[in-house]
*Asks:* 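Here you go, one structure.
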Amino acid sequence: MPKIQHLHKTKQGIPSIYAQKFGDILQNMNFSRHYRNRGKFIYGFDPNIIIYNYDNLRESYLRNICDCKREEVHSITKSEELREFDDQSGWNIYRVHGRIPVVDKDIEKKSDSVILSESDYYQEERINYSWTNILQSYAIAKAILIFIGFSGADYNFRRILKYVDKEEVSSHGRYIFFSVDDIVNAVFAEELKSGEDLSECIKIMNITNSKYAFEKMFINYLVHAQTLYWKNHGLEVIWSSHEELPGVLESLYMKKS
């Protein structure tokens with residue numbers, strides 16, 4: 001797979017600050033039309049999701065917005081049937097930390113167990129052959145992966161990533177999306193508290209020798225540090241704003257094909 005540009009910028013040099021929900025992202029990609037035609041995740045990727053949060057909003061969105069049939073949306077926890085990773089009969093949503101439904105509670109039930117506390121994570125770490133650990137290890141080692149809305153801070157995930165053979169993953173892509181918006185907001189936190197306009201701060205920052213020269217340097221440092229950290233763990237970082245994410249995902253597919 002060809003390389004993807006590490007830092008995706010707007011014409012102004014820094015991505016604009018704009019928030020989009022998961023559903024907006026898929027809608028902007030004309031996702032439902034492509035799902036009906038291809039039955040695949042984002043133009044031809046296998047329809048598998050490993051998810052670390054607990055709600056069932058993804059399942060509900062696929063059924064109610066993308067018009068997927070009920071039997072095509074498989075929400076899977078450790079106490080339910082584990083589908084093969086190459087199963088093409090629908091969407092396989094693997095909930096490795098458990099499930100707490102917030103909608104459609106008649107379809108998806110609360111899982112028998114939920115990993116929430118520090119002791120839960122510790123217990124999961126001790127079980128090397130638990131289905132959650134095996135599933136994540138297999139995906140990291142064998143599959144093309146795209147991480148969206150995932151900080152990578154999950155301790156068990158980092159532990160698994162550390163022990164996966166780097167040579168084994170060299171033949172396929174693993175991409176993690178980070179929002180540059182979060183870094184910009186953190187760096188300009190004081191200005192935002194005082195009521196200053198963020199877009200104006202960014203405009204001034206991009207001027208040579210501006211009063212925000214330190215902020216610009218710090219943003220570049222944070223981006224570089226995170227990019228280097230994940231590169232050393234076999235993941236290519238793609239920086240974008242929430243607003244630009246749908247377009248960057250489409251570019252990723254085009255470069256892949």
*Asks:* Does Tyr229, at its OH atom, have more than 12 non-hydrogen atoms belonging to other residues, nucleotides or ligands within less than 6.0 Å?
*Replies:* yes

*Asks:* Going through the checks in order, is the side-chain hydrogen bond (donor to acceptor under 3.5 Å, both in side chains) test met by Asn56 and Ser60?
*Replies:* CA-CA 6 Å; Asn56 62 331; Ser60 178; over 6 Å; no

*Asks:* Kindly indicate, with the supporting measurements, whether the criterion side chain to side chain contact (heavy atoms under 4.5 Å, CB included) is fulfilled by Phe177 and Leu245.
*Replies:* CA-CA 9 Å; Phe177 280 78; Leu245 180 54; 3.2 Å; yes

*Asks:* Measure the OG-CZ distance between Ser113 and Arg99 for me, rounded to the nearest 0.5 Å.
*Replies:* 11.0 Å

*Asks:* If the test is side-chain contact (heavy atoms from CB on, under 4.5 Å), which one of Ile76, Leu135, Asn156, Asn133 qualifies with Val96?
*Replies:* Leu135

*Asks:* May I ask you to check whether over 12 heavy atoms, not counting those of Lys110, lie within 6.0 Å of atom NZ?
*Replies:* yes

*Asks:* Applying the 4.5 Å side-chain criterion to the ILVMFWY set and letting contacts propagate, would Tyr221 and Val223 be lumped into a single cluster?
*Replies:* yes

*Asks:* So, for Glu71 and His74, which heavy atoms are closest and what is the spacing to 0.1 Å?
*Replies:* O-NE2, 2.8 Å

*Asks:* Any idea which heavy atoms bring Glu196 and Cys201 closest together, and the distance?
*Replies:* OE1-SG, 3.7 Å

*Asks:* List the steps and the verdict of side chain to side chain contact (heavy atoms under 4.5 Å, CB included) for Leu222 and Val187.
*Replies:* CA-CA 10 Å; Leu222 292 173; Val187 170; 4.3 Å; yes

*Asks:* For a quick test of reading the model, state the closest non-hydrogen atom pair linking Ile219 to Met205 and the distance between them.
*Replies:* CD1-SD, 3.8 Å

*Asks:* CZ/Phe218 to CZ/Phe188 distance, rounded to the nearest 0.5 angstrom?
*Replies:* 11.5 Å

*Asks:* Let's go through Arg63 and Glu108 carefully: what are the C-alpha distance in whole Å and the side-chain angles of both, what is the deciding distance for salt bridge (Lys or Arg N to Asp or Glu O under 4.0 Å) to 0.1 Å, and is it a yes or a no?
*Replies:* CA-CA 12 Å; Arg63 284 190 298 267; Glu108 280 98 27; 2.7 Å; yes

*Asks:* Side chain of Ser210, backbone of Ile204: donor and acceptor closer than 3.5 Å?
*Replies:* yes

*Asks:* Can a salt bridge be assigned to the pair Glu59 and Arg95 using a cut-off of 4.0 Å between side-chain N and carboxylate O?
*Replies:* yes

*Asks:* For the NZ atom of Lys203 and the CG atom of Asp197, what is their distance to the nearest 0.5 Å?
*Replies:* 8.5 Å

*Asks:* I want to check something: taking the side chain as every heavy atom from C-beta on, are Glu118 and Tyr122 in contact at a cut-off of under 4.5 Å?
*Replies:* no

*Asks:* Flag the pair Ile107 / Val73 as yes when at least one side-chain heavy-atom distance between them is below 4.5 Å, and no otherwise.
*Replies:* no

*Asks:* Check Thr132, Asp154, Ile140 against Ile160 for a side-chain contact (heavy atoms from CB on, under 4.5 Å) and give me the one that passes.
*Replies:* Ile140

*Asks:* Would you please indicate if the ring centroids of Phe157 and Phe147 are separated by under 6.0 Å?
*Replies:* yes

*Asks:* When rounded to the nearest 0.5 angstrom, what distance separates OG in Ser137 from CZ in Arg159?
*Replies:* 7.5 Å

*Asks:* For the residue pair Tyr52 and His97, what are the closest heavy atoms and their distance?
*Replies:* O-ND1, 3.1 Å

*Asks:* Would Thr227 and Trp239 satisfy side-chain hydrogen bond (donor to acceptor under 3.5 Å, both in side chains), going step by step from the backbone distance to the final call?
*Replies:* CA-CA 9 Å; Thr227 300; Trp239 292 92; 2.9 Å; yes

*Asks:* Starting at CD of Glu72, measure out to CG of Asp67 and round the result to the nearest 0.5 Å.
*Replies:* 10.0 Å

*Asks:* Linking Ile, Leu, Val, Met, Phe, Trp and Tyr by side-chain heavy atoms under 4.5 Å, what else ends up with Tyr54?
*Replies:* Ile100, Val114, Ile115, Leu116, Tyr121

*Asks:* Quick one: closest heavy-atom pair of Gly98 and Ser111, and the distance?
*Replies:* CA-OG, 3.5 Å

*Asks:* Could you tell me which non-hydrogen atom of His233 sits nearest to which non-hydrogen atom of Arg174, and how far apart they are?
*Replies:* O-NH2, 3.2 Å

*Asks:* Should Ile176 and Leu145 be marked as a side chain to side chain contact (heavy atoms under 4.5 Å, CB included) after you check the CA-CA gap, both sets of side-chain angles, and the distance that decides it?
*Replies:* CA-CA 8 Å; Ile176 186 165; Leu145 294 177; over 6 Å; no

*Asks:* Closer than 3.5 angstrom, by distance alone: can the side chain of Asn53 be matched with the main-chain N or O of Asp55 as a donor-acceptor pair?
*Replies:* no

*Asks:* Would Ile148 and Leu249 count as a side chain to side chain contact (heavy atoms under 4.5 Å, CB included) here? Give the steps.
*Replies:* CA-CA 10 Å; Ile148 301 176; Leu249 282 170; 3.8 Å; yes

*Asks:* Would you give the length of the straight line joining atom CD1 of Ile93 to atom CG of Asn48, rounded to the nearest 0.5 angstrom?
*Replies:* 10.0 Å

*Asks:* Applying side-chain contact (heavy atoms from CB on, under 4.5 Å), can you list everything that pairs with Asp112, at least two apart in sequence or on another chain?
*Replies:* Ser79

*Asks:* Would Ser241 and Asp181 count as a side-chain hydrogen bond (donor to acceptor under 3.5 Å, both in side chains) here? Give the steps.
*Replies:* CA-CA 6 Å; Ser241 67; Asp181 299 349; 4.6 Å; no

